[in-house]
Amino acid sequence: MTRLSQEQIQLMKDELTVELVGWLIDNYSYSPSEAMDVLYTSTTFDRLQNTDTGFYYQSLGYVASFLKNEVEKAVFC
């Protein structure tokens, strides 16, 4: 089994972060600044940053589903 280096893991986290910001812009019409604020203050982002969760290794769709639940719960509360 090949282990990823810390640099590779960070690169995967960064790439997924960029993709999630784009996803928020496309799906919720947020400005880039708003999308970053929403993402960076989310539990999903906390999970993504915690290497132990393995979120960095998941697909955009999978991680975005958690973010979608957070965004829509916040809107309806």
Would you confirm whether Lys13, through its side chain, and Tyr56, through its main-chain N or O, come within 3.5 Å as a donor-acceptor pair?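 Not at all, since once roles are kept as given, no pair shorter than 3.5 Å links the two residues.
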
Working for side-chain contact (heavy atoms from CB on, under 4.5 Å), residues Leu48 and Gln58: CA-CA 9 Å; Leu48 175 60; Gln58 301 301 319; over 6 Å; no

Please find the pair of heavy atoms, one from Glu34 and one from Ser29, that lie closest to each other, and give the distance. OE1-O, 4.5 Å

If I take atom [atom1] from residue [X] and atom [atom2] from residue [Y], how far apart are they, to the nearest 0.5 angstrom?
X	Y	atom1	atom2	answer
Asp46	Thr41	CG	OG1	9.0 Å
Thr44	Phe55	OG1	CZ	6.0 Å
Lys68	Asn27	NZ	CG	8.5 Å
Ser42	Asn69	OG	CG	12.0 Å
Ile25	Met36	CD1	CE	7.5 Å
Asp26	Glu19	CG	CD	11.5 Å

side-chain contact (heavy atoms from CB on, under 4.5 Å) for Trp23 and Val63? Distances and angles first, verdict last. CA-CA 11 Å; Trp23 180 85; Val63 178; over 6 Å; no

Kindly indicate whether the side chain of Leu67, heavy atoms from C-beta on, has any atom under 4.5 Å from the side chain of Phe45. no

Same hydrophobic cluster for Tyr62 and Tyr57, using side-chain heavy-atom links shorter than 4.5 Å among ILVMFWY?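 As far as the 4.5 Å side-chain criterion goes, Tyr57 and Tyr62 are connected within one cluster.
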
With Val38, the side chain to side chain contact (heavy atoms under 4.5 Å, CB included) member among Leu24, Leu20, Val21: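 Going through Leu24, Leu20, Val21 one by one, the side chain to side chain contact (heavy atoms under 4.5 Å, CB included) with Val38 is satisfied by Leu24 alone.
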
Is it true that Glu72 and Tyr28 share a donor-acceptor pair across their side chains at a distance under 3.5 Å? yes

